[in-house]
Structure formats: C-alpha cells, structure tokens
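Structure record follows, encoded as structure tokens.
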Protein chains: 2
Amino acid sequence: MCDVCGCHERVHSHSHQTRTVDVNQSLLKANEEAAINNRKHFDDLGMLAINIISSPGSGKTTLLEKSIDVLKDEISIGVLEGDIETDLDAERIRAKGIPAVQLTTGGACHLDSSLIHKGFHSLEHQLNGKKLDVLFIENVGNLVCPSFFDLGEHVRVVLISVPEGHDKPVKYPKAIMTSQLLIISKSDLVPYFDFNIDKIKKDASALNPSLKIIVTSTKTGEGMEEWIDYLKVNLKQK
Amino acid sequence: MCDVCGCHERVHSHSHQTRTVDVNQSLLKANEEAAINNRKHFDDLGMLAINIISSPGSGKTTLLEKSIDVLKDEISIGVLEGDIETDLDAERIRAKGIPAVQLTTGGACHLDSSLIHKGFHSLEHQLNGKKLDVLFIENVGNLVCPSFFDLGEHVRVVLISVPEGHDKPVKYPKAIMTSQLLIISKSDLVPYFDFNIDKIKKDASALNPSLKIIVTSTKTGEGMEEWIDYLKVNLKQK
C-alpha cells in the first residue's frame, strides 16, 4: 500500500512505507465498512446503485444525460456527481429534471463511501419521500484511484473513449478488473483514430473474463439500447 | 491533506485524518527533498528536465515521438516513461533510437522523485557517458495526483486534448496552477466536438496568469513549431 496515493498493495518508492501501512489499511477498511453500510441501505430501499468511473472527458455525464432522456418516464433516477471542483455536472443533470447532488472532493482524486453516505442523505432531502429505482454515482474523472474504493454500488461501470486509445485496459488494469461493465464510448470517432475494437475487447476480457463490454456512441446511438437493456436487467434483480 | 490519496491540503471525508497528517506531510516533504536533489543533479549536468502530465490518452507519447523526429539530430534526448503497468510507451520511444527507461509504478497513480532518481541512473547506464540536453519525463496518465509531486523538473507541461472537453481547467485546477505550459492537443478534432478554445484559454489563464498555452495537432502539425521553439528557448537558459 502506498501511503500517499493509497492505491495498491504493491510496494513502490515512497519512504516511510512501514510506518503508515497500518493506518492506510485501517482507512481502506473503514471505507469498506462504510461501503457495506451503503449497499445495505440501498438494498433496503430496493434501489440499484451504479458507480461510473473513467478518465476526464470520456463521456460519463453525456451518457447519463442520454440515459435519463430514455428512462426518466419509466423509472425514478437520482444522481450523485463527483468532482474535484465545480458543480457543472450536477447542473447538467438537474437541467433534465433529475435530482442531483454535487460532491466536490476539494482536490482528492476519488469519491469514498463516507462522501456517498452524506451525499445520498442530501439527495433524499430533495426527493420528499419519493422512492428511487436507480442511483447513478459519477465518480471523479480519474482512471486510477477510484478503482480502489468500493462505494457500496451494485454495478461498477468503466468508460474508455475511443480518443484515449485501445491500449488503456493493459495500462490501467485495476479499473477493468473491478468493473462489471466496460463501455467503449465515442465509437463514432473510430474512423479518425487508430483504434482496434477487437484488441481492446480481447485485452479487457483477458483481465476480467466476466466483464460485459458494450460499444456505444451517444451521437449515433450505437449500443445505447444494449446499455439501457443492461440497466433494466440489473434493475429487475433488485 | 487526505491520508489515502494525499492530494490536497483541504479536508475531505476520510476518517483518521489527524492521525496520519504528519506522516503524509513528511512523505511529501521527503518527495520535495528528493526533487531538489534531482533538480540540482540535472542542473549540474546542464540538462533541461520536462515533466509531462495529462489524462490517459491525451497524446503525451505521440507528442514525444513527433518532437524526437524534429529534434533528434540537433540535441541529445532521453526519456523516463511512467506507467502503472506495461512498457509499451518506452518501446515506442526506443523505436526512435532514443534511450528510454520505463518506470512502472505497480498500481500507484503518479511518479515521485525517488523513482525519477532511480530511473535517471538506469538511463545513464544506457548513455555510456554521453551528455543529455533534454530529459522528458512522461508521467502516469492521470490529471489529478501527478500535480502534487514535484519530480525535480524545470518545466511542467500539462496536456488537455480536445475530446476531453474545454471544461477541464476549472474541474482539474491543480494541474493548471502548477504547470508552466498548457498544450491543447488534437486540435484537428475541434470540428467534431463542442470545444471552445477561447473559453479554455480564458479559464486556464484565470487560474494561472503566467501559463503559456499552445494549441497543437500532431496530425496537421499545428503549433508544433511553437512547441519546439518553446523547448529551444528553455534549453538555451540551461
């Protein structure tokens, strides 16, 4: 465990490693306990919680906006928006008529279960007793650190957009290994990039054989029906 | 200071905050001391060190490849390649005939000065006494955590690519505030995105008034001459 970034059990070159390992293990343990509480809370409410992670600009908020357009007359949706600074993304979601709470981490590179717990109670205040079917959690834009923090979600979705390149699964394996669904976003841009869809699928599946993969474009609509169906199947299991 | 991600002095919601703050301050202090040593080492060698940070897939390695094509007959270049896993990027650089050392962090989300120190000595073994003019350090793909770690570089360059969106400076201010140069990459893709170059320039300059900004495309060549000139001006000051 690195005592500054806290991201991994493998040793790297920070000093004072042994001095802080117990503290960080207790922190991740505290996060895990809070995650279990969150998940129990969501289960008690019969609600599906989805944690969406990706690099900055991969299209998390746009995917949410498009999904809301399709689903908002059928199901009840709430959103927790993670960002380091600004509440631009929560404003985009609220503009769709969907309750959203912005969680700004003040510099930190990921959400944690304690923030989700507080954020969800803020969201409940906006609901006036209405029950949610789905809670979307949009994590901070970062393909590394959020992979290490269970938020109590039922499904973790990782987005990789075509402009980022097909080599991302092998370079950022933890995000792939801890997710249930990989969404390859911005597929409309494939003609402009040297992006090999077969290769990214193969590499991702090698890291996580049970990973579902959907190729999408919010511009052309490719894969959107499959993504919505995926959500509905998971929703039925709640 | 967050004791898991270590990224910021502002409080966020992890537990045990007070228990670890001293440890993390000592870690960042240890990094800072190692950074000062690295910089002194680079100064003694009369070498310019450049730390390049960005999200995954913003085009750091491609920018390096193109810069090497232009500069390799004029100046002596070495590269330290940061990645979480794989040595794909160092292989791309070596294919250009340039000495490169891959630093894999084993899960950690950023390079630190101690890794740079070790990596630079490995690089020196490849040089057989040859002097370097420029050392490029390509950081781990992450727009958050690398901003907090001085590596001993003389110039920090942050890349933001057009597909990521023009809202990235306000959402990831630390990377902007600690850099000397912002490269807006993949400008050839502006026609396909709602990307406002004036807005990103204005937002970035508001955060860091002394920031230089260059709009580039390695496909059309836009801005590449300005970037090479920027390097040469900084090189002359060594």
Side-chain angles (χ1 to χ4, degrees), chain A residues 2-16 19-20 23-24 26-28 30-31 55-58 83-86 88-89 105-110 112 114-115 117-118 140-145 148-149 160-165 167-168 170-174 186 188-189 192, chain B residues 2-16 19-20 23-24 26-28 30-31 55-58 83-86 88-89 105-110 112 114-115 117-118 140-145 148-149 160-165 167-168 170-174 186 188-189 192:
Chain A
C2 161
D3 34 16
V4 169
C5 59
C7 285
H8 203 274
E9 61 277 16
R10 278 215 246 156
V11 173
H12 70 129
S13 70
H14 291 306
S15 316
H16 308 286
R19 195 172 153 205
T20 55
V23 175
N24 284 300
S26 82
L27 272 167
L28 281 178
N31 181 72
S55 297
S58 301
D83 262 310
I84 292 175
E85 305 278 355
T86 84
L88 297 172
D89 288 348
T105 64
C109 52
H110 59 88
D112 65 22
S114 167
L115 265 177
H117 174 83
K118 290 176 198 164
V140 172
N142 183 339
L143 200 52
V144 185
C145 315
F148 292 82
F149 288 82
I160 295 176
S161 68
V162 165
E164 292 168 57
D167 58 352
K168 293 303 161 288
V170 293
K171 292 173 92 174
Y172 302 90
K174 185 82 177 178
K186 307 188 189 181
D188 53 292
L189 295 172
Y192 308 104
Chain B
C2 161
D3 36 15
V4 168
C5 59
C7 284
H8 204 273
E9 62 276 18
R10 279 214 246 156
V11 173
H12 70 131
S13 70
H14 291 307
S15 315
H16 307 286
R19 198 173 151 205
T20 54
V23 175
N24 284 301
S26 81
L27 271 166
L28 282 179
N31 182 71
S55 298
S58 300
D83 261 310
I84 292 174
E85 304 277 356
T86 83
L88 297 172
D89 289 347
T105 65
C109 52
H110 60 88
D112 65 21
S114 166
L115 264 178
H117 174 83
K118 289 176 198 161
V140 172
N142 183 339
L143 200 52
V144 186
C145 315
F148 292 83
F149 288 82
I160 295 176
S161 68
V162 165
E164 293 169 56
D167 60 350
K168 292 302 161 290
V170 295
K171 292 172 95 175
Y172 302 90
K174 185 83 177 177
K186 306 187 189 180
D188 53 292
L189 294 172
Y192 308 104

Distance-only, no hydrogens or angles: does the B/Tyr172 side chain make a donor-acceptor pair with backbone N or O of B/Ser55 under 3.5 Å? no

Distance (rounded to the nearest 0.5 Å) between A/Lys171 NZ and A/Glu164 CD: 11.0 Å

Could you give the distance from CG (B/Leu143) to CD1 (A/Ile84), rounded to the nearest 0.5 Å? 7.5 Å

Return the option, out of A/Ser58, A/Pro163, A/Gly165, A/Ser161, with the maximum number of heavy-atom pairs under 4.5 Å with chain B. A/Pro163

Checking heavy atoms, do the side chain of [X], its backbone, both or neither come under 4.5 Å from chain A?
{"X": "B/Leu189", "result": "side chain"}
{"X": "B/Asp89", "result": "side chain"}
{"X": "B/Lys168", "result": "side chain"}
{"X": "B/Pro56", "result": "both"}

If I compare all heavy atoms of A/Thr105 with all of A/His110, which pair ends up nearest, and what's the gap? CG2-O, 3.6 Å

B/Asn142 to A/Cys145 - nearest heavy-atom pair and separation: ND2-SG, 4.2 Å

